[in-house]
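Accompanying notes for the structure given below.
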Amino acid sequence: MTETNFTIFHFVIISMLILEIKIRSSDGSELVVDRSKRGLIRVPKDLSLKTTVLDISRNNISEIETSDMLSLSKLKILIVSHNRIQSLDISVFKFNKELEYLDLSNNKLKKISCHPVVNLKHLDLSFNVFDAPPICKEFGSMSQLEFLGLSATQLQKSGMLPIAHLHINKVLLVLGDLYGEKEDPESLQELNTESLHIVFPARKEFHFIMDVSVSTAISLELSNIKCVLDNNGCSYFLNVLSKLQNNSRLSNLTLNNIETNWYSLIMMLQLVWHSSIEHFSISNVKLQGQLTATNFDYSDTSLKALSIHQVVSDVFNFKQGDIYRIFSNMNIQSLTVSGTHMLHMVCPSQMSPFLHLDFSNNLLTDTVFNNCGTLAKLETLSLQINQLKKLVNVAHITKKMKSLQQLDISQNSLSYDESEGYCSWTISLLSLNMSSNRLTDSLFSCLPSMVRVLDLHNNKITRIPEDVISLEALQELNVAFNSLAHLPGCGSFGSLSVLIIDYNSISNPSAHFFKSCQKIRSINVGHNPFQCTCELQEFIQSIGQVSSGVVEGWPESYQCDYPGSYKGTLLKDFHVSPLTCNTALLIVTIGITGLVLAVTLTALCIYLDLPWYLRMVCQWTQTRHRARNIPLDKLQRTLQFHAFISYSEHDSAWVKSELLPNLEKEDIRLCLHERNFVPGKSIVENIINCIEKSYKSIFVLSPNFVQSEWCHYELYFAHHNLFHEGSDNLILILLDPIPQYSIPSSYHKLKTLMAQRTYLEWPKEKSKHALFWANLRASICVKLMEQAKE
Ligand SMILES: *[C@@H]1O[C@H](CO)[C@@H](O)[C@H](O)[C@H]1NC(C)=O
């Protein structure tokens with residue numbers, strides 16, 4: 001495959017992945033195709049035959065035909081909601097034997113032609129424009145049906161008959177705007193469902209008389225109850241509610257989108273109070289007017305939980321004491337009032353059965369339930385998203401709540417300063433949520449001592465002062481999104497098993513953490529600005545030692561922030577050599593290297609005579625240097641020989657076999673006394689003659705030479721100061737060592753020369769000879785004029 005092909009191949013693969021996400025499920029592969037919101041006007045034709053889930057909702061499709069569906073034999077889920085389909089023949093699905101879930105809600109369906117589709121579990125035809133509910137007799141065979149969504153503008157008891165024998169879990173019935181002309185109050189009596197949700201026309205006053213007390217229903221939800229014009233206080237709706245007493249099975253009631261006045265709302269509560277309903281939920285309420293003092297009859301109720309969400313009122317500044325009193329004295333276990341702009345709540349006037357109170361998302365302040373002794377049974381209290389300011393006051397509120405275990409005061413404006421005094425929490429408190437407040441380090445001296453779960457995320461904490469606190473029972477601590485610079489140890493939290501400390505300012509977490517916190521089974525330190533240096537290495541290693549799954553978000557949430565060269569590197573991939581980090585190791589390494597070097601040098605000196613080589617090289621370099629500075633032309637005019645050689649008879653064997661061949665092969669002219677001496681002249685004259693015609697004089701020194709030859713030269717040196725100190729013209733070759741004592745005391749010059757050690761030593765080892773000769777040649781090699789030749 002070429003590279004271009006490969007890129008195209010990649011592109012195709014990625015596009016396919018974007019369009020169709022393959023997910024694996026236990027019974028083989030599922031192919032989910034999402035073609036929603038594409039402006040489609042018909043069902044796409046290019047679908048894989050393996051498609052099991054198809055979402056073509058929110059398009060402009062107006063028709064579904066058999067040919068669209070024919071090939072999708074694996075299709076299980078089809079979502080066609082929010083399109084423009086006006087009529088549908090259900091037989092188009094006759095080949096989709098696996099189809100279980102069919103959503104046709106929010107279309108323009110007026111008519112359907114029926115065909116048995118026995119496998120359907122979920123059929124949604126709600127929010128269409130049917131006159132009568134689209135229930136054909138074929139539906140009677142859908143024994144698997146769990147959910148049925150319907151819409152209609154007219155209802156008749158007989159219309160429900162085809163499905164009366166089915167046990168449907170949930171029926172959604174959406175009534176069109178035209179509903180209510182001719183009502184049959186009995187129309188739902190044949191319905192057989194556990195859960196019924198009726199959506200009344202949104203824009204119409206509630207003037208309906210339908211009996212919603214379906215005998216099989218356990219849960220009932222009613223949406224769109226509007227009674228603003230009804231001077232009788234929502235009488236139609238209250239009438240409907242009162243009939244619920246007929247169904248003793250009904251235990252859950254939900255009312256959505258209510259527009260009424262305070263009085264009617266209280267009347268609704270009062271009606272439900274005396275029914276079989278256990279859980280009552282009201283949401284999205286628009287209230288008018290104000291409440292004048294009312295008595296509430298709490299007697300004889302099955303109600304356990306009441307929740308009221310999202311209430312807006314057109315009048316705010318009326319006396320709300322009566323409303324608070326009605327709610328706070330409710331004899332139920334669980335009360336939720338959230339999203340209501342409630343400013344206050346009073347203490348129940350006698351011992352209250354409340355176990356759970358949720359007053360989240362209101363406008364409550366620190367004065368709520370102040371000094372309240374009648375909530376002694378309360379176990380959970382949520383004051384999330386209110387106007388609480390001082391933690392010390394909140395602690396005091398809990399003081400008399402002897403059973404309070406969970407308190408949620410997150411998302412307030414809480415702060416604490418030690419000068420505000422001691423925090424007297426109830427000792428029963430086990431879980432405390434103080435996240436998203438303005439708490440600082442001082443908070444740690446205002447904590448309930450037995451708390452097990454503490455959520456402090458998103459505050460202004462910089463340090464956990466371990467010396468101040470002792471929270472031996474604490475098991476879970478969340479301090480994410482603060483400004484902590486260090487990982488705490490578990491010294492003060494002996495039982496800590498979960499620590500969440502991500503999104504802080506920890507750059508160098510201590511590696512001792514895991515040693516200190518033996519009971520930890522989950523820690524999240526991700527998204528901190530880690531400094532990838534040597535110290536961090538230890539922490540990374542300590543992570544490697546704890547069992548997998550303990551460190552949450554590892555490795556992807558753990559990245560180097562500093563130094564720049566490592567920024568973005570996963571901690572998992574950060575390595576520096578152990579040498580760089582370990583000082584002891586570094587010293588040892590340097591020591592060993594030094595030692596090895598010393599040993600090697602010693603060995604070189606002892607076995608290979610390194611100093612000799614060095615000396616030779618040194619001499620050679622000096623010679624070369626000097627040679628460059630000689631005024632050659634002057635020399636060249638007077639000289640005939642490169643060197644005069646003087647030696648003892650005893651050493652002539654060495655001179656002839658070694659010295660001469662090695663020098664003369666390089667075209668070096670030598671003056672030897674037996675070869676070049678002029679007969680008839682005295683020895684000394686001959687020597688002087690030779691010396692003066694030669695560039696250098698070489699003396700082959702040995703004990704023999706000292707005894708037999710040197711006398712000529714001492715004399716000569718004494719008369720001619722030719723070889724003055726430091727002169728270069730003299731080359732001494734030490735053939736054999738000459739002991740100092742064997743030099744006669746009158747030979748001053750020789751003594752000086754020997755003492756200066758300015759001689760070339762003849763090496764005994766053969767391997768050194770080449771260098772010796774090279775050195776010698778270098779010192780005498782100079783270009784002599786051709787005409788100066790004899
Ligand atoms: C605390 O409350 C916040 C919402 O304010 C919530 O997200 C968080 O899960 C709660 N913590 C615990 C431990 O329940």
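This one's a predicted model, so the numbers in the text were calculated from it and none came from an experiment. Counting starts at 1 for both ligands and their atoms, following the listed order.
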Report task. Identify, by atom number and element, the atoms of ligand 1 in contact range of S435, meaning under 4.0 Å from any of its heavy atoms. Result ->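 Answer for ligand 1: 1 (C), 2 (O), 3 (C), 5 (O).
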Query raised in the report: Which of the atoms in ligand 1, numbered in the order shown and given with their element, are less than 4.0 Å from a heavy-atom of Q411?
Result: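 Answer, ordered by atom number: 4 (C), 5 (O).
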Query raised in the report: Can you say whether the rings of F296 and W273 are parallel (under 30°), tilted (30 to 60°) or perpendicular (over 60°)?
Result: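 Correct class here is perpendicular.
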Query - Mutual orientation of the aromatic rings belonging to F574 and Y566 [parallel < 30°, tilted 30-60°, perpendicular > 60°] - result: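 The rings of F574 and Y566 stand perpendicular, inter-plane angle above 60°.
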Query - Test item: side-chain donor near acceptor, T336 and S338, under 3.5 Å - result: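 Per modelled atom types, T336 and S338 side chains form no pair under 3.5 Å.
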Requested in this report: Carefully, step by step, assess E100 and K121 under the rule salt bridge (Lys or Arg N to Asp or Glu O under 4.0 Å).
Outcome: CA-CA 5 Å; E100 288 179 351; K121 290 181 177 159; 3.8 Å; yes
What residue and atom, counting heavy atoms only, is the protein's closest point to [atom], and at what distance?
atom                    : result
atom 14 (O) of ligand 1 : N433 ND2, 3.8 Å
atom 7 (O) of ligand 1  : H457 CE1, 4.6 Å
atom 9 (O) of ligand 1  : D455 OD2, 4.4 Å

Query raised in the report: Taking heavy atoms and a distance under 4.0 Å, where does E476 meet ligand 1: side chain, backbone, both or neither?
Result: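 Neither; no heavy atom under 4.0 Å.
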**Report entry** Cationic N near anionic O, under 4.0 Å, K304 to E278
**Finding:**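 A salt bridge is present here (some side-chain N lies under 4.0 Å from a carboxylate O).
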Query raised in the report: Donor-acceptor pair, N284 side chain versus N256 backbone, under 3.5 Å?
Result: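 Not at all, since once roles are kept as given, no pair shorter than 3.5 Å links the two residues.
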**Report entry** S410 N/O to ligand 1 N/O under 3.5 Å
**Finding:**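 Yes; at least one N/O pair falls below 3.5 Å.
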